[in-house]
Participant: 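Got a structure here, written out as structure tokens. Questions coming.
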Amino acid sequence: MPSRIDVANLSALKLGADRIMAFDDESKVARALTLVFYPLLWAELARNRWTFAIKRASLPALAAAPSWGFERQFLLPVDCLRLDWIDGAGRSEYLANFIQDSTSAFRIEGRYILTDLGAPLSIRYVARVDNPEEWDPCFVEAFATRLAAEICEDVTQDGTKKRALMDEYLRSMSEAKRISAIQNPPQSIPDDSWVQAREL
């Protein structure tokens, strides 16, 4: 399974640069990769619902309630990059027009979920997964290409190569997202308020 250095060296290969032995090497490639590796990784993970990065948690309510507007608040897990789903909030989340005012089942403010829902609060979220051994192989390929594109001009001073790498990244990321998505069964979309009104 790949390591961080393997991913970095796949990026170097795409650039036509020399391999690195460690991120603290004195080479230009190593210094550039050290700067961008984690910021780009967190951004790529947060952009999509990668199956390997999805986690579940049951959150206890905090002792202090919000100052106003909601009855409870919950602290997001420390490794949470993006909230994906809250149990019990489906109707408000997907049927905003079903409720005829600005009421919402929850709000995210900073690292807190504010809601009237009871505790414990069951959530699903996209997590920081920094170990490449846990990544999907297609994500490894796409992410390495994105790294190469990001440091390309700094390392090679070649804008044309950067554009080619970005095109390759978009193709490989599209494939990675497709492979990740088909591992789960299809999800139905809840009926909207117009359909539900017809059923009454």
Side-chain angles (χ1 to χ4, degrees), residues 1-60 74-87 108 111 113 120-156 161-162 164-187:
M1 299 299 287
S3 64
R4 285 179 62 225
I5 290 297
D6 293 331
V7 176
N9 280 323
L10 181 55
S11 298
L13 179 66
K14 290 174 180 293
L15 287 172
D18 292 336
R19 291 167 53 93
I20 67 172
M21 299 305 295
F23 279 90
D24 58 1
D25 280 359
E26 290 303 315
S27 69
K28 195 170 192 178
V29 173
R31 290 195 302 271
L33 285 170
T34 298
L35 284 174
V36 303
F37 192 95
Y38 282 117
L40 281 184
L41 176 58
W42 304 150
E44 291 298 339
L45 290 176
R47 283 189 182 107
N48 298 288
R49 298 176 70 248
W50 303 105
T51 53
F52 67 83
I54 294 290
K55 288 187 178 181
R56 295 175 183 238
S58 292
L59 307 180
F74 301 82
L75 182 62
L76 286 165
V78 68
D79 63 343
C80 177
L81 288 172
R82 179 168 65 86
L83 185 64
D84 182 57
W85 174 83
I86 295 179
D87 187 26
I108 299 175
R111 298 293 299 171
I113 303 170
L121 190 67
S122 297
I123 69 166
R124 187 173 62 214
Y125 65 97
V126 177
R128 287 184 175 91
V129 181
D130 60 2
N131 183 358
E133 291 186 2
E134 299 177 39
W135 300 351
D136 183 282
C138 293
F139 178 82
V140 171
E141 168 69 21
F143 179 61
T145 307
R146 181 68 182 88
L147 285 173
E150 187 68 20
I151 67 171
C152 182
E153 286 194 49
D154 184 41
V155 173
T156 69
K161 189 175 189 69
K162 178 175 181 174
L165 284 166
M166 283 302 295
D167 288 342
E168 181 184 344
Y169 156 75
L170 292 172
R171 288 191 301 271
S172 59
M173 188 56 72
S174 176
E175 178 71 4
K177 287 190 286 188
R178 186 183 68 80
I179 295 298
S180 182
I182 63 175
Q183 293 183 70
N184 284 319
Q187 294 184 357

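The basis for the numbers below is simple: all heavy atoms, side chains too, and nothing from hydrogens, waters or symmetry mates. Because the structure is a prediction, the values reported are computed rather than measured.
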Participant: List the atom of D154, the atom of A32, and the distance in Å for their closest heavy-atom pair.
Facilitator: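 Taking every non-hydrogen atom into account, OD2-CB, 3.7 Å.
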Participant: Mind checking what makes salt bridge (Lys or Arg N to Asp or Glu O under 4.0 Å) contact with R47, not counting sequence neighbours?
Facilitator: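 Applying salt bridge (Lys or Arg N to Asp or Glu O under 4.0 Å) to R47 gives E44.
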Participant: Using the rule given for side-chain contact (heavy atoms from CB on, under 4.5 Å), can you reason through D18 versus V29, listing the C-alpha separation, both sets of side-chain angles and the distance that settles it, and then say yes or no?
Facilitator: CA-CA 8 Å; D18 292 336; V29 173; over 6 Å; no
Participant: Just wondering, more than 12 heavy atoms not from R82 lying within 6.0 Å of its CZ?
Facilitator: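 Above 12, so yes.
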Participant: Quick check: closest heavy atoms across V129 and W42, and the distance to 0.1 Å?
Facilitator: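 Looks like N-CZ3, 4.1 Å.
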Participant: Measure the shortest side-chain to side-chain distance between S58 and S122 over non-hydrogen atoms and say whether it is less than 4.5 angstrom.
Facilitator: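 When only atoms from C-beta onward are counted, S122 and S58 do touch, with a gap below 4.5 Å.
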Participant: Report the residues that fulfil side chain to side chain donor-acceptor pair (under 3.5 Å) with E153, sequence neighbours left out, ordered by chain and then residue number.
Facilitator: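 Counting only residues at least two positions away or on another chain, E153 forms no side chain to side chain donor-acceptor pair (under 3.5 Å).
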Participant: For K28, enumerate each residue passing the salt bridge (Lys or Arg N to Asp or Glu O under 4.0 Å) test, keeping only those at least two apart in sequence or located in another chain.
Facilitator: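 Not a single residue meets the salt bridge (Lys or Arg N to Asp or Glu O under 4.0 Å) criterion with K28.
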Participant: Before accepting this row, confirm whether a basic side-chain N of the pair E150/R146 lies closer than 4.0 Å to the acidic partner's carboxylate O.
Facilitator: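 A salt bridge is present here (some side-chain N lies under 4.0 Å from a carboxylate O).
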Participant: For R124, is there an ion pair with D84 - N to carboxylate O distance below 4.0 angstrom?
Facilitator: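 Looking at D84 and R124, the cut-off is met.
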Participant: If you take all heavy atoms of K55 and A127, which pair is closest and at what distance?
Facilitator: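 Looks like CD-CB, 3.7 Å.
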Participant: If you define the side chain from C-beta out and look only at heavy atoms, does anything of I54 sit under 4.5 Å from V126?
Facilitator: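 Yes, their side chains come closer than 4.5 Å.
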Participant: What pairs of donor and acceptor atoms, side-chain ones from residues 5-16 against any protein atom, are under 3.5 angstrom apart with sequence neighbours left out?
Facilitator:
{"unit_1": "D6", "atom_1": "OD2", "unit_2": "S3", "atom_2": "N", "d": "2.9"}
{"unit_1": "D6", "atom_1": "OD2", "unit_2": "S3", "atom_2": "OG", "d": "3.2"}
{"unit_1": "N9", "atom_1": "OD1", "unit_2": "I20", "atom_2": "N", "d": "2.7"}
{"unit_1": "N9", "atom_1": "ND2", "unit_2": "I5", "atom_2": "O", "d": "3.3"}
{"unit_1": "N9", "atom_1": "ND2", "unit_2": "I20", "atom_2": "O", "d": "3.1"}
{"unit_1": "S11", "atom_1": "OG", "unit_2": "V7", "atom_2": "O", "d": "3.3"}
{"unit_1": "S11", "atom_1": "OG", "unit_2": "A144", "atom_2": "O", "d": "2.7"}
{"unit_1": "K14", "atom_1": "NZ", "unit_2": "E141", "atom_2": "OE2", "d": "2.7"}
{"unit_1": "K14", "atom_1": "NZ", "unit_2": "T145", "atom_2": "OG1", "d": "3.3"}
{"unit_1": "K14", "atom_1": "NZ", "unit_2": "E168", "atom_2": "OE2", "d": "2.8"}

Participant: Taking only residues two or more places apart in sequence or in another chain, which ones pass side-chain contact (heavy atoms from CB on, under 4.5 Å) with C138?
Facilitator: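 In terms of side-chain contact (heavy atoms from CB on, under 4.5 Å), with neighbours along the sequence ignored, C138 is linked to D136, A176, I179.
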Participant: Going by side-chain contact (heavy atoms from CB on, under 4.5 Å), name the residues that satisfy it together with A46, two or more places apart in sequence or in a different chain.
Facilitator: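 Result, side-chain contact (heavy atoms from CB on, under 4.5 Å) vs A46: L81.
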Participant: Quick one: list whatever passes side-chain contact (heavy atoms from CB on, under 4.5 Å) with L35, sequence neighbours left out.
Facilitator: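 Applying side-chain contact (heavy atoms from CB on, under 4.5 Å) to L35 gives none.
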Participant: Output the distance between atom CG (L147) and atom SG (C152), rounded to the nearest 0.5 Å.
Facilitator: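 If I round to the nearest 0.5 Å, the distance is 12.5 Å.
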Participant: Please name all residues satisfying ring pair (Phe, Tyr, Trp, His ring centres under 6.0 Å) with F139, sequence neighbours left out, ordered by chain then number.
Facilitator: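 F139: ring pair (Phe, Tyr, Trp, His ring centres under 6.0 Å) contacts with W50, F52, W135, F143.
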Participant: Could you name each residue pair satisfying side chain to side chain donor-acceptor pair (under 3.5 Å) that touches residues 30-41, not counting sequence neighbours?
Facilitator: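 Qualifying pairs: R4-Y38.
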Participant: Donor-acceptor pair, R128 side chain versus L41 backbone, under 3.5 Å?
Facilitator: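 Checking the backbone N and O of L41 against the side chain of R128, no donor-acceptor pair under 3.5 Å is found.
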